[in-house]
Amino acid sequence: QEAALQGRFQERVDAEEKIEPRDWMPEGYRRTLVRQISQHAHSEIVGMLPEGNWITRAPTLRRKVALLAKVQDEGGHGLYLYSAAETLGVSRDELVGQLLSGKAKYSSIFNYPTPTWADIGAIGWLVDGAAIMNQVPLCRCSYGPYARAMVRICREESFHQRQGYELMLALAQGTAEQKRMAQDALNRWWWPSLMMFGPSDDQSAHSAQNMAWKIKRFSNDELRQRFVDATVPQAEFLGLTIPDPELRFNAETGHYEFGAIDWTEFNEILKGNGPCNRERIEARRKAWDDGAWVREAAVAHAAKRKQRAMK
Ligand code: FAQ
């Protein structure tokens with residue numbers, strides 16, 4: 001009977017039908033989605049920290065408003081994604097517990113520091129640019145709640161990317177010192193942005209199964225290549241140099257070829273040894289502890305309302 005259910009499930013996926021929370025699904029599909037969606041949610045929440053670092057120091061009121069809106073959007077994305085994960089039968093407390101204990105992963109990119117204002121531009125341009133490249137195909141993910149959440153998230157990410165690029169443009173066209181800051185930020189964020197797409201295809205443990213389940217539509221290397229192809233001309237327009245001496249356009253394939261990625265750095269970050277891993281988890285633990293009274297108050301308020309409604 002299990003085999004028949006599996007067969008029917010795969011037929012539905014192949015026919016591009018959306019799988020909904022109450023539908024039968026293989027246990028591995030459920031587990032993979034919980035892993036990916038919660039990792040994604042944690043990334044959004046931890047991703048608020050590097051940029052949040054600059055909210056009080058944004059150079060103008062207009063920049064501050066845009067940055068505040070962006071960081072708030074990221075909080076919102078985290079919340080939709082936790083809700084999407086909850087439809088698969090896990091609780092938010094459990095997921096947050098996995099983040100705080102170090103059991104759950106979040107994107108490697110958020111373990112790098114943001115020492116200058118140009119980092120805010122580089123994050124918007126490159127990190128949101130990479131996020132969009134990876135996430136637009138997720139709008140067609142076979143799991144309905146995740147796919148629907150991604151539609152709105154991608155629209156907001158697109159605004160984030162433009163705000164970052166415009167910020168980089170202002171710096172690149174500014175004083176020599178501003179242009180130097182922009183170049184320095186590009187030098188630090190370029191390779192980590194390429195790592196965001198995950199291990200190369202021959203090392204990617206989950207890709208084949210995730211593609212068969214139509215959770216993933218393109219492989220890690222395919223999306224990484226698309227990102228490089230889209231981003232190199234943008235760097236040229238800014239008058240900045242991508243920090244890769246091996247980068248060159250191949251007229252025959254129509255793609256940019258690029259140098260080797262330092263996977264040792266990526267693996268160290270995944271093991272918790274990046275420049276900011278400890279600081280990020282510490283900040284989330286503190287936020288969780290400081291927010292205890294809000295959760296308690298919300299539960300007490302809900303109980304009172306329920307009691308009043310029963311009278
Ligand atoms: N960092 O076999 P695969 C954002 C892990 S965007 C850390 O290839 P899969 C927006 C992977 O989980 C960032 N870990 O896995 C924003 C797996 O670990 P496990 C978040 C990584 O799932 C912008 C192992 O390596 N976006 O937040 C990374 O098929 C600006 C083997 O990898 C998403 O999460 C990494 N970079 O493909 C916010 C998108 N890459 O569990 C603020 C949704 C891989 O076996 C500011 N996720 N790993 O121990 C996905 O599309 C996929 O999960 C991939 C990985 C593509 C990330």
Side-chain angles (χ1 to χ4, degrees), residues 31-32 34-54 71 74-75 77-78 81-82 85 94-116 118-120 122-131 133-135 184-207 210 219-221 223-224 227-228 242-246 258-290:
R31 240 182 298 121
T32 281
V34 170
R35 178 184 64 80
Q36 175 165 331
I37 301 172
S38 64
Q39 174 185 316
H40 194 166
H42 299 324
S43 302
E44 296 281 358
I45 300 296
V46 177
M48 296 167 79
L49 297 168
E51 291 168 293
N53 177 34
W54 277 94
V71 174
E74 285 153 7
H77 297 173
L81 289 166
Y82 282 128
E94 207 177 319
L95 297 176
V96 173
Q98 289 172 357
L99 172 69
L100 300 185
S101 72
K103 185 167 170 260
K105 291 193 168 79
Y106 58 89
S107 182
S108 51
I109 194 80
F110 302 117
N111 293 303
Y112 293 89
T114 45
T116 80
D119 292 318
I120 302 308
I123 290 179
W125 172 34
L126 301 173
V127 176
D128 284 278
M133 207 49 99
N134 160 271
Q135 290 173 19
D184 170 62
L186 170 57
N187 292 349
R188 286 180 291 106
W189 290 92
W190 175 253
W191 290 104
S193 299
L194 296 194
M195 293 174 198
M196 275 179 80
F197 292 92
S200 57
D201 292 352
D202 54 356
Q203 297 292 320
S204 167
H206 306 293
S207 274
N210 287 355
S219 76
N220 299 356
D221 285 335
L223 292 173
R224 192 169 7 248
F227 173 73
V228 172
I242 304 258
D244 178 358
E246 289 174 51
F258 51 96
I261 293 175
D262 179 2
W263 293 113
T264 314
E265 176 177 325
F266 177 75
N267 291 327
E268 280 303 310
I269 292 212
L270 260 56
K271 279 195 245 158
N273 301 327
C276 299
N277 290 61
R278 282 174 198 83
E279 181 184 332
R280 299 289 183 244
I281 292 297
E282 209 33 62
R284 289 314 310 156
R285 281 207 193 109
K286 183 172 181 322
W288 182 252
D289 292 344
D290 290 352

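In this text, all values refer to a predicted model and were calculated from it rather than measured experimentally.
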Start with the C-alpha gap between Asn267 and Thr264, add the side-chain angles, then the distance that decides, and say whether side chain to side chain contact (heavy atoms under 4.5 Å, CB included) holds.
CA-CA 5 Å; Asn267 291 327; Thr264 314; 5.8 Å; no

Are any of the side-chain heavy atoms of [X] and [Y] separated by less than 4.5 Å?
X      : Y      : value
Glu265 : Ser108 : no
Asn53  : Met48  : no
Leu126 : Leu186 : yes
Leu49  : Arg284 : yes
Pro50  : Asp119 : no
Pro275 : Tyr112 : yes
Met196 : Asn134 : no
Leu194 : Phe266 : no

For Trp54 and Thr114, what are the C-alpha separation, side-chain angles and deciding distance, and is it a side chain to side chain contact (heavy atoms under 4.5 Å, CB included)?
CA-CA 8 Å; Trp54 277 94; Thr114 45; 3.9 Å; yes

Heavy-atom closest contact ([X] atom, [Y] atom, distance):
X      : Y      : answer
Ser38  : Leu95  : CB-CD2, 3.8 Å
Ala122 : Trp189 : CB-CD1, 3.7 Å
Ser193 : Ala130 : O-CB, 4.2 Å
Pro199 : Asn220 : O-ND2, 3.0 Å
Gln39  : Ser43  : O-OG, 2.7 Å
Leu81  : Ala41  : CB-CB, 3.6 Å

Qualifying residue, where the test is ring pair (Phe, Tyr, Trp, His ring centres under 6.0 Å) with His42 and the options are Phe110, Tyr82, Tyr106:
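One option only clears the test, and that one is Tyr82.
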
So, the side chain of Trp263 versus the backbone of Ser200: is there a donor-acceptor pair under 3.5 Å, distance only?
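A pair under 3.5 Å: no.
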
Side-chain donor or acceptor of Asp244 paired with backbone N/O of Gly259 under 3.5 Å:
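Yes: the side chain of Asp244 pairs with the backbone of Gly259.
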
Charged N-O contact under 4.0 Å between Arg224 and Asp221
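Counted as a salt bridge, because a side-chain N and a carboxylate O are separated by less than 4.0 Å.
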
Within this structure, what is the [atom1]-[atom2] distance for the pair [X] and [Y], rounded to the nearest 0.5 Å?
X      : Y      : atom1 : atom2 : answer
Glu268 : Asp262 : CD    : CG    : 10.0 Å
Leu99  : Lys105 : CG    : NZ    : 13.0 Å
Leu100 : Glu282 : CG    : CD    : 9.5 Å

Starting from the C-alpha separation in whole Å, work towards a yes-or-no answer on side chain to side chain contact (heavy atoms under 4.5 Å, CB included) for Lys286 and Ile281.
CA-CA 9 Å; Lys286 183 172 181 322; Ile281 292 297; over 6 Å; no

Once the angle between the rings of Phe197 and Phe227 is folded into 0 to 90°, is it parallel (under 30°), tilted (30 to 60°) or perpendicular (over 60°)?
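Ring orientation of Phe197 relative to Phe227: tilted.
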
Would you sort out whether Gln36 and His206 count as a side chain to side chain contact (heavy atoms under 4.5 Å, CB included), showing the intermediate values?
CA-CA 10 Å; Gln36 175 165 331; His206 306 293; over 6 Å; no

What pairs with Asp184 under salt bridge (Lys or Arg N to Asp or Glu O under 4.0 Å), at least two apart in sequence or on another chain?
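Testing Asp184 for salt bridge (Lys or Arg N to Asp or Glu O under 4.0 Å), a comparison that skips the adjacent residues, returns Arg188.
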
Partners passing salt bridge (Lys or Arg N to Asp or Glu O under 4.0 Å) against Asp202 (at least two apart in sequence or in another chain):
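For Asp202, no residue satisfies salt bridge (Lys or Arg N to Asp or Glu O under 4.0 Å) once neighbours in sequence are set aside.
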
